[in-house]
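Here the structure is laid out as structure tokens; the discussion comes afterwards.
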Amino acid sequence: MLYLKTNEPNSFNLKPSIFMKSQEIRAQFLDFFKEKSHTIVPSAPMVTKDDPTLLFVNSGMAPFKEFFLGNGKPKSNRLADSQKCLRVSGKHNDLEEVGYDTYHHTLFEMLGNWSFGDYFKKEAISWAWELLTEVYKIDKDILYVSVFEGSDDADKLPLDQEAYDLWKELIPENKIVKGNKKDNFWEMGEQGPCGPCSEIHVDLRSEEEKAKTPGIALVNMDHPHVVEIWNLVFMQYNRKANGSLENLPHKHIDTGMGFERLCMALQGVKSNYDTDVFQPIIKQIEKITNTTYGANQQQDIAIRVIADHVRAVAFSIADGQLPSNTGAGYVIRRILRRAVRYGFTFLDKKEPFIYQLVAILSEQMGAAFPEISGQKKLIENVIKEEENSFLRTLDQGLILLDKIIENADAKEISGDKVFELYDTFGFPVDLTALILSEKGFTLDEKGFKDELQKQKNRSKAASEMSTEDWTLLAEEGTEEFIGYDTLSADVKLTRYRKVVSKKEGEMFQLVFDATPFYPEGGGQVGDKGFFEDSQGNQIAILDTKKENNVIIHFTKKLPKEVNDIFKATVNEKIRENTACNHTATHLLHEALREVLGIHVAQKGSAVNANYLRFDFSHFSKVTAEELKAVEAYVNAKIAMQLPLEESRNVSMEKAIADGAMALFGEKYGDTVRAIKFGNSIELCGGTHVKNTGDIWHFKIKSEGAVAAGIRRIEAITNEAVKNFYDDNNQALNQIKELLNNVKAPVKAVQKLQDENTALQKQIEQLLRDKAKNVTGEIINQLQEINGVQFLATKVDLDANGIKTLAFDLGKKHPNLFLVFANAPTNEKALLTCYISKELVNERGYDAGKVVRELGKFIHGGGGGQNFFATAGGKNPGGIPQALENAKEYLS
RNA sequence: GGGGAUGUAGCUCAGUUGGCUAGAGCGCUUGACUGGCAGUCAAGAGGUCGUGGGUUCGAGUCCCAUCUUCUCCA
């Protein structure tokens with residue numbers, strides 16, 4: 001693996017007078033494009049919500065995908081931003097490699113300027129050049145650019161002459177590289193907008209190195225100091241489903257400049273980690289772990305890993321994505337655990353410490369990203385708890401590994417053992433390898449990889465899904481949501497496709513020109529219902545979801561005539577109950593802030609027809625009194641019969657000024673919908689009741705923790721409350737009835753319980769006494785045959801009693817050979833045989849054999865150990881015979 | 001979404017192919033020794049074996065369902 005010394009003195013020709021702080025660099029970028037009439041937008045949340053193909057925003061354009069796909073319009077056709085991105089997989093971004101070099105990251109910022117059908121190559125190129133050379137004052141001599149060379153394949157694309165000619169005006173031709181399709185043609189996916197791109201590279205090497213190899217030879221060669229800093233994408237084609245290209249009616253610009261790399265170039269350092277983006281964090285790591293960055297190669301890697309990962313984890317928690325065991329949350333957990341692991345092994349930190357870096361991060365990034373500074377305490381708590389839990393996992397794993405080593409019969413530990421340790425107990429395999437090698441063992445790497453592959457195949461097979469192409473029926477227009485005003489409408493089908501998954505089987509996804517169906521979002525479930533063709537045939541709509549800003553209806557079949565006009569109708573009952581729960585959620589949010597304090601912020605919510613769930617930040621258990629107060633507050637608001645005041649399409653600024661709460665991690669459009677009930681104002685796309693009176697009543701069912709500093713309340717409203725009280729009431733009435741309608745059922749039950757324990761003790765005592773009596777009788781009946789104390793008799797005890805009796809006798813008398821029989825019912829008979837151990841050992845008696853053979857008389861079978869065995873059967877009439885024959889076994 | 005593991009005394013855990021009357025350590029209670037404490041010894045209390053079904057003469061153990069917690073993969 002490539003390793004670079006990162007502390008070399010600055011040795012390349014940047015003007016040293018201009019040391020620019022990263023914050024200034026970011027600000028200048030945005031200011032520059034603001035002057036060029038761009039609207040500056042904040043970074044979208046990193047966690048994606050309505051794109052099933054993507055867990056995290058992984059490039060600057062991801063949040064704008066819907067605009068490029070034509071599913072919506074941006075508020076301005078010129079935008080600029082700094083977008084936080086997260087990459088943990090892909091060819092050049094394997095999580096396991098971050099930290100080993102000086103320029104790959106999980107979280108990074110992408111500076112971008114955007115044109116949606118507005119300016120094109122000329123402006124994009126000249127502005128990029130102007131910003132780099134005149135504002136940032138990068139020496140023109142160390143810059144190189146690339147243009148698309150064209151392709152000979154099926155696409156038959158020409159050289160991007162337009163871009164070449166534009167660059168020729170700005171830079172000598174010997175600094176323009178012609179790049180192939182892999183480097184210089186950008187596609188969003190299998191289908192959709194795409195086009196050639198032009199990259200700007202910067203050569204940061206020393207003069208000696210430059211003298212040895214010309215920079216142009218190193219462009220796109222993965223050299224750590226000849227790096228691409230900016231990619232200008234010219235979207236001019238549309239890739240169709242059949243693979244062919246067509247010209248786009250409107251051409252777009254999509255650019256992305258790696259912020260950390262830019263800082264490296266401008267600050268005259270040779271590693272992203274030496275910029276002021278990372279240095280404060282690294283300093284703090286040095287302080288906490290008592291190490292020095294640059295002194296030891298392995299420790300340097302660990303420090304870079306931690307510095308990088310804490311940013312990724314903190315930002316995603318700030319965006320509402322907590323570490324968890326599935327989906328995006330699991331990615332975050334893995335990142336954090338990797339950091340803990342490096343700290344554990346190479347920096348010798350056996351207790352939580354990464355959370356202590358959040359303060360520095362917040363100080364440094366808080367101005368540009370208020371979601372970090374605003375939630376500092378929460379982020380610290382969550383990280384600390386997660387660190388603790390992983391350290392516990394490591395502790396357990398160490399114990400298990402010790403056991404494996406102890407029981408090892410060879411110097412190589414098998415792959416499946418190591419895999420079990422990893423898969424079931426979460427113990428990292430690299431740590432296993434390290435410990436094994438320290439103790440002189442090796443591990444079967446191939447066996448481990450095979451097991452891992454098997455597991456991957458299993459998962460893949462289970463989640464396999466095939467998606468067919470869309471069948472388009474009408475020109476694509478924006479699908480309108482009309483479900484705020486109506487639950488039923490005449491609609492036309494605009495496109496549909498078939499999806500097949502293992503779990504759901506064959507399903508169809510339908511898109512209409514307009515729809516009253518609410519798509520899952522904002523915690524609220526998607527509507528269910530049906531649509532009906534002109535012949536009156538109905539097809540059920542099972543769910544509604546949003547994907548890249550398109551509302552998709554899920555059905556099991558297609559209509560006979562797809563071009564018909566359909567009547568789409570939402571299930572009213574479900575929608576009403578859901579609306580009650582959604583409005584109640586808003587009131588609950590308000591009540592919590594009122595009762596617990598304004599630190600309470602929504603961290604998640606789920607609203608469906610049956611109940612509502614609300615997660616929020618709060619650092620201690622909500623007491624019973626507080627819950628009561630919250631419930632009372634919400635019910636007071638319901639009693640006040642507050643009307644819904646809805647404002648659609650208000651500007652974000654106005655809504656905030658009116659007191660609406662915006663949530664971290666939520667992506668808002670340019671105009672928003674504000675929902676007001678009394679003092680509760682929230683930005684919300686969900687469906688609500690017309691008046692809080694419709695909710696009828698609100699009842700909290702449970703309160704608990706979901707993570708460090710995050711609590712969860714589950715509650716019900718309306719009919720569910722009635723049912724809840726009805727059920728409780730019925731149960732209570734039944735209890736009362738059973739107790740002959742006592743006035744104080746609780747006391748009565750308490751008394752019953754006390755009596756029950758007392759009675760149980762009495763029974764035990766009686767049984768003991770009875771057994772004692774029986775014991776006495778039995779001792780008298782023992783006959784001595786051949787030195788064996790023998791008895792075969794029927795006793796009036798249950799199976800347990802007989803067992804106790806036999807063992808009691810066994811303790812007091814030697815040389816016993818006992819066969820007991822009893823008949824608990826008319827259809828059941830039981831034989832028990834007890835033989836003292838000394839007899840078993842000396843004479844080879846076998847109680848199991850005795851009961852098996854005697855069992856035949858009672859039409860049954862059994863077994864046990866050689867000194868105690870039981871058999872059961874269906875024929876109590878055979879008991880006397882069985883007892884008579886018992887003697888036979890004494891010989 | 002798929003797989004693996006886990007649930008037994010207040011806590012940490014044992015419990016073989018179903019079969020000694022469910023155990024150990026720590027903790028708790030009581031008593032003894034010591035001038036008192038620490039300590040040692042002795043006795044004792046404490047268990048719906050996650051829940052609900054099933055198979056069996058017999059289930060902590062096997063089967064099915066379900067829940068909790070942990071963990072890996074997608």
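Fair warning: this is a prediction, and the values are worked out from it, not measured in the lab. Chain A is the first sequence line, chain B the second, and so forth, proteins listed ahead of strands; every chain is numbered from 1.
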Worksheet item: With no hydrogens and no angle check, do the side chains of Asp308(A) and Thr106(A) hold a donor and an acceptor under 3.5 Å apart?
Response: yes
Practice prompt. Scan Gly327(A) against the nucleic acid and name what it touches under 4.0 Å (heavy atoms): base, sugar-phosphate only, or nothing.
Written response: base
Practice prompt. Could you tell me whether the phosphate oxygens of C20(B), OP1 or OP2, come under 4.0 Å of any side-chain nitrogen or oxygen in Tyr834(A)?
Written response: no
Worksheet item: Expressed as a whole number of Å, how far does the P atom of A32(B) sit from that of U71(B)?
Response: 50 Å
Worksheet entry | Length of the CZ-C1' vector between Phe427(A) and C73(B), whole Å | 19 Å
Worksheet item: What is the ring orientation for Phe790(A) with Phe817(A), classed by angle as parallel under 30°, tilted 30 to 60°, or perpendicular over 60°?
Response: tilted
Worksheet item: Nearest-Å distance, NZ (Lys417(A)) to P (A5(B))?
Response: 15 Å
Item to complete: Tell me what Gly864(A) touches on the nucleic acid: a base, only sugar-phosphate, or nothing, going by heavy atoms under 4.0 Å.
Response: base
Worksheet item: Using atom P of each nucleotide, how far apart are G23(B) and A45(B) to the nearest Å?
Response: 12 Å
Discussion item. Just the rounded figure in Å: distance from P of U69(B) to CZ of Phe425(A).
Written reply: 18 Å
Item to complete: Among the candidates G1(B), G3(B), C20(B), find the nucleotide nearest to the side-chain atoms of Phe867(A).
Response: C20(B)
Fill in: Partner nucleotide, any strand, of C28(B) [Watson-Crick/G-U, under 3.5 Å]
G44(B)
Worksheet entry | Cation-aromatic face contact Lys349(A)/Phe344(A), 6.0 Å, 45 degrees | no
Discussion item. Looking at A74(B), I'd like to know if its phosphate oxygens (OP1 or OP2) sit under 4.0 Å from a side-chain N or O belonging to Tyr330(A).
Written reply: no
Discussion item. With a 3.5 Å cut-off and heavy atoms only, can you find an N or O donor on one side and an acceptor on the other between the side chain of Thr424(A) and the base of G3(B)?
Written reply: no
Worksheet entry | Nearest-Å distance once atom P is located in both C49(B) and G60(B) | 7 Å
Discussion item. If you assign each of Phe390(A) and Gly862(A) to its closest nucleotide in RNA chain B, which residue comes earlier from the 5' end?
Written reply: Gly862(A)
Worksheet item: When the distance from CD of Glu451(A) to P of C72(B) is rounded to whole Å, what number comes out?
Response: 17 Å
Discussion item. My understanding is that a pair needs two contacts under 3.5 Å, Watson-Crick or G-U wobble. By that rule, which nucleotide pairs with G36(B)?
Written reply: none
Worksheet item: OP1 or OP2 of A74(B) less than 4.0 angstrom from a side-chain nitrogen or oxygen of Lys460(A), does that happen here?
Response: no
Fill in: Working for side chain to side chain donor-acceptor pair (under 3.5 Å), residues Tyr889(A) and Glu853(A)
CA-CA 10 Å; Tyr889(A) 296 92; Glu853(A) 292 180 11; 2.6 Å; yes
Item to complete: Indicate, with a heavy-atom threshold strictly under 4.0 Å, whether Gly426(A) touches base, sugar-phosphate, or nothing.
Response: sugar-phosphate
Discussion item. When the C1' atoms of C57(B) and C62(B) are compared, how many Å lie between them, rounded to an integer?
Written reply: 16 Å
Worksheet item: Contact class for Phe807(A) vs. all strands (heavy atom < 4.0 Å): base, sugar-phosphate, or nothing?
Response: base
Worksheet, complete the sentence: From CD of Gln455(A) across to P of G3(B) the rounded distance in Å is 11 Å
Worksheet item: Looking across every strand, which nucleic acid part, if any, lies under 4.0 Å from Gly863(A) by heavy atom: base, sugar-phosphate, or nothing?
Response: base
Practice prompt. Just compare G3(B), G19(B), C72(B) and give me whichever is closest to any side-chain atom of Gln865(A).
Written response: G19(B)
Discussion item. Measuring only the C1' atom in each nucleotide, how far is G58(B) from G18(B)? A whole number of Å is fine.
Written reply: 8 Å
Worksheet, complete the sentence: Heavy-atom nearest nucleotide on RNA chain B taken for Phe868(A) and for Leu452(A); more 5' hit belongs to Phe868(A)
Practice prompt. Could you check how far CZ of Arg392(A) sits from P of C13(B), rounded to whole Å?
Written response: 12 Å
Discussion item. Taking the minimum atom-to-atom distance to the side chain of Asn325(A), which one of G58(B), U71(B), G19(B) wins?
Written reply: U71(B)
Discussion item. Mind checking if Arg337(A) touches a base, just sugar-phosphate, or nothing, with heavy atoms under 4.0 Å?
Written reply: sugar-phosphate
Worksheet item: What nucleotide among C73(B), C57(B), U71(B) has an atom nearest to a side-chain atom of Arg334(A)?
Response: C73(B)
Practice prompt. For side chain to side chain contact (heavy atoms under 4.5 Å, CB included), just list the numbers for Tyr422(A) and Phe448(A), CA-CA rounded to whole Å, side-chain angles, deciding distance to a tenth of an Å, and then say yes or no.
Written response: CA-CA 10 Å; Tyr422(A) 164 77; Phe448(A) 176 82; 3.8 Å; yes
Worksheet entry | Tyr422(A) OH - C73(B) C1' separation (whole Å) | 8 Å
Fill in: Span that lies between the P atom of A5(B) and that of G47(B), in whole angstrom
31 Å
Practice prompt. If U68(B) has a Watson-Crick or G-U wobble mate with both distances under 3.5 Å, name it; if not, just say none.
Written response: none
Item to complete: Let me see the working for Glu385(A) and Asn381(A) under side chain to side chain donor-acceptor pair (under 3.5 Å), right down to the final yes or no.
Response: CA-CA 6 Å; Glu385(A) 181 54 39; Asn381(A) 274 317; over 6 Å; no
Worksheet item: Within the structure, does a side-chain N or O atom of Thr393(A) lie under 4.0 Å from either OP1 or OP2 of U71(B)?
Response: yes
Discussion item. Show, in sequence, the C-alpha distance, side-chain angles and deciding distance for Asp527(A) and Thr544(A), and conclude whether the side chain to side chain donor-acceptor pair (under 3.5 Å) test is met.
Written reply: CA-CA 6 Å; Asp527(A) 275 334; Thr544(A) 315; over 6 Å; no
Discussion item. Please give the distance between the P atoms of A59(B) and U21(B) as a whole number of Å.
Written reply: 13 Å
Practice prompt. For the side chain of Asp423(A), starting at C-beta, report the closest nucleotide among G19(B), G3(B), A74(B).
Written response: G3(B)
Discussion item. Using the rule given for ring-ring contact (aromatic ring centres under 6.0 Å, His included), can you reason through Phe868(A) versus Phe807(A), listing the C-alpha separation, both sets of side-chain angles and the distance that settles it, and then say yes or no?
Written reply: CA-CA 9 Å; Phe868(A) 183 83; Phe807(A) 281 97; 5.1 Å; yes
Worksheet item: What nucleic acid atoms does Lys454(A) come within less than 4.0 Å of, heavy atoms only: base, sugar-phosphate, or nothing?
Response: nothing
Worksheet, complete the sentence: Taking G1(B), G58(B), C20(B) as options, the one with an atom nearest any side-chain atom of Lys837(A) is C20(B)
Fill in: Phosphate-side-chain proximity, Arg333(A) and U71(B), N/O vs OP1/OP2 below 4.0 Å
yes
Discussion item. Looking at G19(B), which nucleotide sits across from it as a Watson-Crick or G-U wobble partner, both distances under 3.5 angstrom, or is there none?
Written reply: C57(B)
Worksheet item: Are the charged groups of Glu451(A) and Lys454(A) less than 4.0 angstrom apart, N to O?
Response: yes
Item to complete: Round to the nearest Å and state the distance from Lys545(A) atom NZ to G1(B) atom C1'.
Response: 11 Å
Worksheet entry | Pairwise P distance for G19(B) and G3(B), with rounding to whole Å | 30 Å
